[in-house]
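Scroll down for the structure; my scribbles are underneath it.
Bear in mind the structure is a predicted one, so any value in this text is a computation, not a measurement. The basis for the numbers below is simple: all heavy atoms, side chains too, and nothing from hydrogens, waters or symmetry mates. The sequence lines fix the lettering, A, B, ..., with proteins before strands; numbering per chain opens at 1.
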Amino acid sequence: MSEKPTLATVWLDGCSGCHMSFLDIDERILDLAAQADLVYSPLVDTKEFPEMVDITLIEGAVSSEEDYHKIRMVREHTRLLVSLGDCAVTANVPAMRNRFAVRSVLERAYIENADLNQDIPVQVIPALRETSIPVHQVVPVDVFIPGCPPAADTIFFALTELLAGRKPDLRTTTRFGA
Amino acid sequence: MFDRLEEITKAEQETAGRFDHTVDVCVAAGCMSSQSVAIKEALEKEVEAHGQGHRCRVRGTGCMGLCAAGPLITVDAEKPGEIMYKQVTVGDAADIVASLDSTPVERLRCRTDVPFFQRQKKIALENSGLIDPERIEEYIAREGYSGLMRALTEMSPSDVIDEVVASGLRGRGGGGYPTGLKWTTVAKSDGDVKYVICNADEGDPGAFMDRSVLESDPHRILEGMAIAGYAIGASQGYVYVRGEYPTAVARLKTAIRQARRANMLGSGIGGTLFNFHVDIRLGAGAFVCGEETALIASIEGKRGTPRPRPPYPAEFGLWGRPTLINNVETFANIAPIIRNGGDWYARIGSGASKGTKVFALAGSIINTGLIEVPMGTPLREIVYEIGGGISGGGECKAIQTGGPSGGCIPAGYFDTPVDYESLSALGSIMGSGGMIVMDESASMVDVARYFMEFCMTESCGRCVPCRVGTVHMHNILDKFSRHEATPHDLELLEKLCDMVRNTSLCGLGQTAPNPVMSTLRYFRDEYMDCMMPELNGAERVGELMEVAR
Amino acid sequence: MKRPFKTRIKTLKIDGIDVGAREDETILELAQENDIFIPTLCHLEGVHDVGSCRLCLVEVRGTNKLLPACMTYAEEGMEVITNSERLQAYRRQVLDLLFSERNHVCSVCVSNGHCELQWLAGKLGISHVGVPYLYPQLEVDASHRYYSYDPNRCILCTRCVRVCDEIEGAHTWDVMGRGVECLVISDLNQPWGTAESCTRCGKCVQVCPTGALFNKGRAVAEMTKRRDFLPYLQTMREGRK
Amino acid sequence: MTPRNEKLEPPSDDKRWRIVQATMQRNGYERDGLIETLHTVQESFGYLDDESLRYVAASLNAPLSQVYGVSTFYHLFSLKPAGRHTCVVCLGTACYIKGIPHLLKEIERTYGIKAGETTSDGHLSLITARCLGSCGLAPVAVFNGEIAGKIEIEHALARLAALREAEDVRQA
């Protein structure tokens with residue numbers, strides 16, 4: 001086993017833009033790899049979330065039952081939970097459906113706007129919860145990185161600070177909607 | 001002009017003397033809702049039918065206090081051997097009239113030698129239940145308007161203020177601000193036009209003191225306002241009264257008309273050079289209008305939103321003029337103070353809380369109704385002796401004072417004397433005088449939620465903390481009552497309480513957290529019992545150092 | 001004896017700095033003159049203050065009450081603290097409440113990058129909103145020929161109401177309802193485009209701190225707002241008297 | 001937009017407008033009299049509609065939005081006509097403690113309306129009051145203006161049912 005701190009990323013209800021922005025740190029990912037092991041992520045192959053991860057970045061809002069159970073599981077197995085990007089921090093665009101009933105949202109998506117197979121799926125697709133909410137409304141979150149998406153520099157800075165045992169001050173580097 | 005008052009008094013006494021019996025029927029709101037007007041008519045018919053009209057009279061009077069036992073009737077209230085009847089129905093009229101010259105109707109008797117009647121001391125309510133509120137003559141016959149005449153003919157405005165200062169009277173609307181100091185400030189403010197406003201927008205749920213005074217003895221308010229007008233140099237007054245009180249409004253209108261005719265309001269009052277006019281302004285259902293600056297906005301025809309103070313209405317009030325605002329009960333105490341002197345008043349009560357206070361007893365208490373007791377009376381005496389104890393045979397859990405701005409006092413503190421300082425030390429307030437007694441079955445979380453819902457819907461929406469903060473506090477309390485709250489919710493609730501209290505623009509927001517804070521203080525266990533089972537791992541919070549290793 | 005003169009100049013301390021003030025100057029104006037930052041949202045130079053956002057609350061020695069800097073006038077010997085930890089915490093909570101009240105989605109807002117609410121959140125260090133969002137149901141009004149009104153982004157600062165009433169004199173806008181149900185409306189709560197009193201001057205759009213009122217057909221980057229006309233109009237009017 | 005006119009022609013020759021005019025006149029056609037005027041309109045017509053709001057605004061020279069803002073600020077003003085019958089349920093503290101929420105819920109369930117609403121056939125308006133000041137008689141409800149103290153759920157539902165029956169009989 002490596003002695004390096006472990007890092008995970010989780011993708012809930014988001015557009016994957018935050019993960020893309022994370023990848024935009026380009027060659028600096030080598031620096032990061034020297035400091036931490038990426039043990040779980042949509043970007044790697046692991047299927048099971050490890051017993052304990054030091055830092056987990058969450059992209060996306062909690063929208064479905066799957067998201068809900070997943071984030072609670074992840075929190076249990078994570079030392080430092082980081083909300084990455086506006087969807088995780090504010091529920092952002094996913095939350096724009098909150099003003100409408102789940103039923104009418106599904107009808108709009110799968111019936112009114114569908115040309116083929118007009119049917120609301122009940123299998124495979126996880127059931128939507130009544131509202132899409134930010135991660136910290138479900139489990140405690142330790143660090144917030146707002147931005148849509150947060151810039152690669154911001155993500156890199158935040159991670160290196162966290163790995164150095166410091167809470168990153170992001171006031172001047174990012175904001176809601178940035 | 002004193003002669004004129006005396007004349008009326010004499011005439012009244014003569015009239016009263018002509019009757020062997022006087023039957024008084026309470027026609028204030030409480031008894032009216034149990035058909036007391038129909039009972040009065042039945043009694044009148046009965047008296048006529050027996051040809052007793054020349055020696056028996058039937059009057060409609062104001063509130064007799066013990067609303068729980070209504071409709072109430074007294075026979076010969078001002079003679080020795082007064083008889084009170086309770087829960088009278090139309091069918092009882094014949095028996096009552098028939099009994100006038102013989103033995104009382106025992107099955108209807110309501111004892112008056114009990115603490116409820118014996119332990120009270122009535123100043124603001126001195127005429128309630130004893131006079132017909134729609135006849136100025138009866139008010140005058142009980143020394144009415146003699147305080148005003150005394151002020152106008154024997155005292156300078158500053159003498160009047162001195163008496164009010166000496167009385168130690170404090171605002172009865174809730175805040176407890178010294179009335180004399182308020183009058184002094186308005187009197188000193190620059191301006192040739194000033195206003196007097198009577199705040200009769202009694203909005204606390206569970207409070208009906210002001211309503212009762214207006215319905216039972218409206219002239220007392222007009223007299224108090226006129227004296228205030230003389231003292232501060234105002235010639236126009238407004239009574240801002242709740243639109244929900246149609247009977248009070250009607251009686252007040254009658255009283256103003258009568259007072260004008262009797263030259264106790266209007267121009268050249270009582271033959272002096274003093275002019276004072278009173279108009280009524282109707283509230284339209286907004287609790288926040290009890291706040292001075294919101295009330296002023298409402299009289300000006302605007303949305304009743306408060307504005308930051310200073311400047312205070314004493315300097316910058318109605319239409320930008322210096323304005324004196326006192327509530328109904330405060331004005332109700334003025335005439336007796338002028339009649340009997342400030343020192344007389346200051347001898348009643350305790351410590352820094354002088355005089356008497358009217359309370360509306362309601363909830364799980366046997367003697368619901370209206371009482372007036374000296375300041376400093378212990379809560380225990382009010383609940384168990386005057387109030388007759390807890391209804392339904394349960395144990396008393398707490399008493400709620402001060403409505404949505406107040407708090408819950410647990411039964412363990414019932415030896416506390418009722419005065420401004422003691423109540424606020426317990427985390428509640430005197431408020432306008434509503435006292436809701438709660439037995440063991442009451443859930444304190446639910447009570448807090450109820451009041452927060454009230455504040456949320458009554459918030460005017462002008463400032464952010466009150467407009468949005470009350471909604472969040474309400475939602476969290478709702479989670480508690482559904483047993484879905486987390487420790488995080490409790491923490492957030494307490495944070496919001498602190499923030500809304502300290503940052504809201506007006507008294508409504510600043511005091512909105514009080515019911516929550518006081519129930520958290522005394523009944524925290526009940527909140528803990530309403531929490532969701534622990535979330536275990538999902539509730540963990542990370543430590544930076546753990547990661548850095 | 002009356003004092004034979006009236007003092008017009010007051011000396012006081014703001015955050016420990018000695019300042020001199022005219023008696024008609026507010027703490028907010030003094031702070032701005034002395035480069036002391038006090039956050040504001042409802043305040044707008046050129047129209048009267050309402051003290052409703054509570055962001056500019058300051059501590060004044062000798063009173064427990066926090067006072068709105070925009071409506072508190074200089075007094076002799078006053079000691080004002082504008083930036084204690086307690087005040088900062090309250091200010092962050094005020095912003096939390098504002099963000100939670102309506103549907104503010106910065107990433108898709110026309111004012112992204114030019115919004116005072118968003119800017120203040122960054123400035124005061126709001127990394128997330130601590131209270132649950134309320135998600136009210138509010139309709140966008142795009143009936144006006146030149147402008148749109150999206151109440152989802154409105155913070156009820158009433159700048160538009162005041163500028164329309166006090167500067168333009170049309171009083172097209174006002175607030176209806178109460179509490180959290182309050183809503184800025186035009187005329188009889190009708191589509192803005194049909195409001196007869198609107199002169200289409202657009203002052204309300206210029207003073208709106210968020211993306212609630214905006215010009216139609218403008219891209220996000222172009223959505224800057226002009227405010228300098230307000231003090232200008234005021235000065236010109238005073239000069240005419 | 002109509003320029004100031006001391007006495008504008010009312011929207012119709014309905015006699016009730018005269019009462020409204022009298023109130024405005026008593027207040028010198030000043031904006032200060034707005035709330036008083038709205039009270040009169042509400043009393044005379046039962047509610048405030050757009051037409052009356054426009055008339056009052058024009059007569060008092062008050063902005064439309066201000067008139068609308070005031071009308072919606074105060075609880076007693078209604079912008080919709082009330083039902084033929086009204087039931088006011090008091091939500092004061094004393095009534096609350098004595099179980100009025102159950103009564104309210106029962107009525108809401110029976111008539112399929114929420115507090116503040118009117119049944120679709122215009123039969124009944126269910127209204128809540130903050131406190132009627134009759135706490136000594138809690139719980140309290142008002143049926144067509146007639147106040148009833150110490151009310152019980154069955155009793156209240158029976159009274160409402162009687163109103164419905166009376167109406168059905170009259171129609172038949």
Quiz item: Shortest non-hydrogen contact from B:L492 to C:P132?
Solution: CD2-CD, 4.3 Å
Practice problem: Provide the closest heavy-atom pair for C:G51 versus B:L505 in the form atom of the first, atom of the second, distance. | Solution: O-CD1, 3.3 Å
Quiz item: Contact part of C:L134 toward chain B, heavy-atom cut-off under 4.5 Å: side chain, backbone, both or neither?
Solution: side chain
Quiz item: Can you check whether C:C182's main-chain N or O pairs, donor with acceptor, with B:R467's side chain at less than 3.5 Å?
Solution: no
Practice problem: Verify the neighbour count for atom CD of C:E45: are there more than 12 heavy atoms of other residues, nucleotides or ligands below 6.0 Å? | Solution: no
Self-check item: Engaged part of C:L97 at the chain B interface, taking heavy atoms whose separation is under 4.5 Å
Solution: both
Practice problem: Could you tell me which non-hydrogen atom of B:H488 sits nearest to which non-hydrogen atom of C:G130, and how far apart they are? | Solution: NE2-O, 4.4 Å
Quiz prompt | Interatomic distance, B:H472 atom NE2 to C:Y133 atom OH [nearest 0.5 angstrom] | solution = 10.0 Å
Quiz item: Which answer fits B:D498, side chain, backbone, both or neither, if we ask what part of it has an atom under 4.5 Å from a heavy atom of chain C?
Solution: both
Exercise. Could you tell me which of C:V94, C:D49, C:L98, C:V50 has the largest number of non-hydrogen atom pairs under 4.5 Å with chain B?
Key: C:V50
Exercise. Please flag which part of B:R501 lies under 4.5 Å from any non-hydrogen atom of chain C: side chain, backbone, both or neither.
Key: neither
Quiz item: Just by modelled atom types, is the B:T457 backbone N or O under 3.5 Å from a matching donor or acceptor in the C:R178 side chain?
Solution: yes
Quiz item: What closest approach, in Å, do B:R303 and C:G177 show between heavy atoms, and which atom pair accounts for it?
Solution: NH2-O, 2.7 Å
Quiz item: Relative to chain C, which segment of B:T470 carries a heavy atom at a distance below 4.5 Å: side chain, backbone, both, or neither?
Solution: neither
Quiz prompt | Within 6.0 Å of NZ in B:K495, more than 12 heavy atoms from elsewhere | solution = no
Quiz prompt | Heavy-atom neighbours of C:E139 CD exceed 12 at 6.0 Å | solution = no
Quiz item: Below 4.5 Å, heavy atoms only, C-beta onward: do C:R91 and B:T503 meet side chain to side chain?
Solution: no
Exercise. Between chain B and each of C:L57, C:L66, C:V131, C:I155, count heavy-atom pairs under 4.5 Å; write down the option with the most.
Key: C:V131
Self-check item: Closest contact, heavy atoms only, B:Y312 versus C:K65
Solution: OH-NZ, 4.4 Å
Exercise. Please state whether the side chain, the backbone, both or neither of C:D174 comes within less than 4.5 Å of a heavy atom of chain B.
Key: side chain
Quiz item: What part of B:R462 lies closer than 4.5 angstrom to a heavy atom of chain C: side chain, backbone, both or neither?
Solution: both
Quiz item: Is it the backbone or the side chain of B:L496 that comes under 4.5 Å from a heavy atom of chain C, or both, or neither?
Solution: both
Exercise. Using a cut-off of 6.0 Å, state whether more than 12 heavy atoms not belonging to C:N64 lie near its atom CG.
Key: no
Quiz prompt | Exceeds 12 heavy-atom contacts within 6.0 angstrom, atom CZ of B:R482 | solution = yes
Self-check item: Over 12 foreign heavy atoms within 6.0 Å of CD, C:E23
Solution: yes
Quiz item: How about B:F316: does its CZ atom have over 12 heavy atoms from other parts shown lying under 6.0 Å from it?
Solution: no
Practice problem: Step through the shown structure and confirm whether more than 12 heavy atoms of other residues, nucleotides or ligands are within 6.0 Å of CD on B:E315. | Solution: no
Quiz item: B:S504 versus chain C, heavy atoms under 4.5 Å apart: side chain, backbone, both or neither?
Solution: backbone
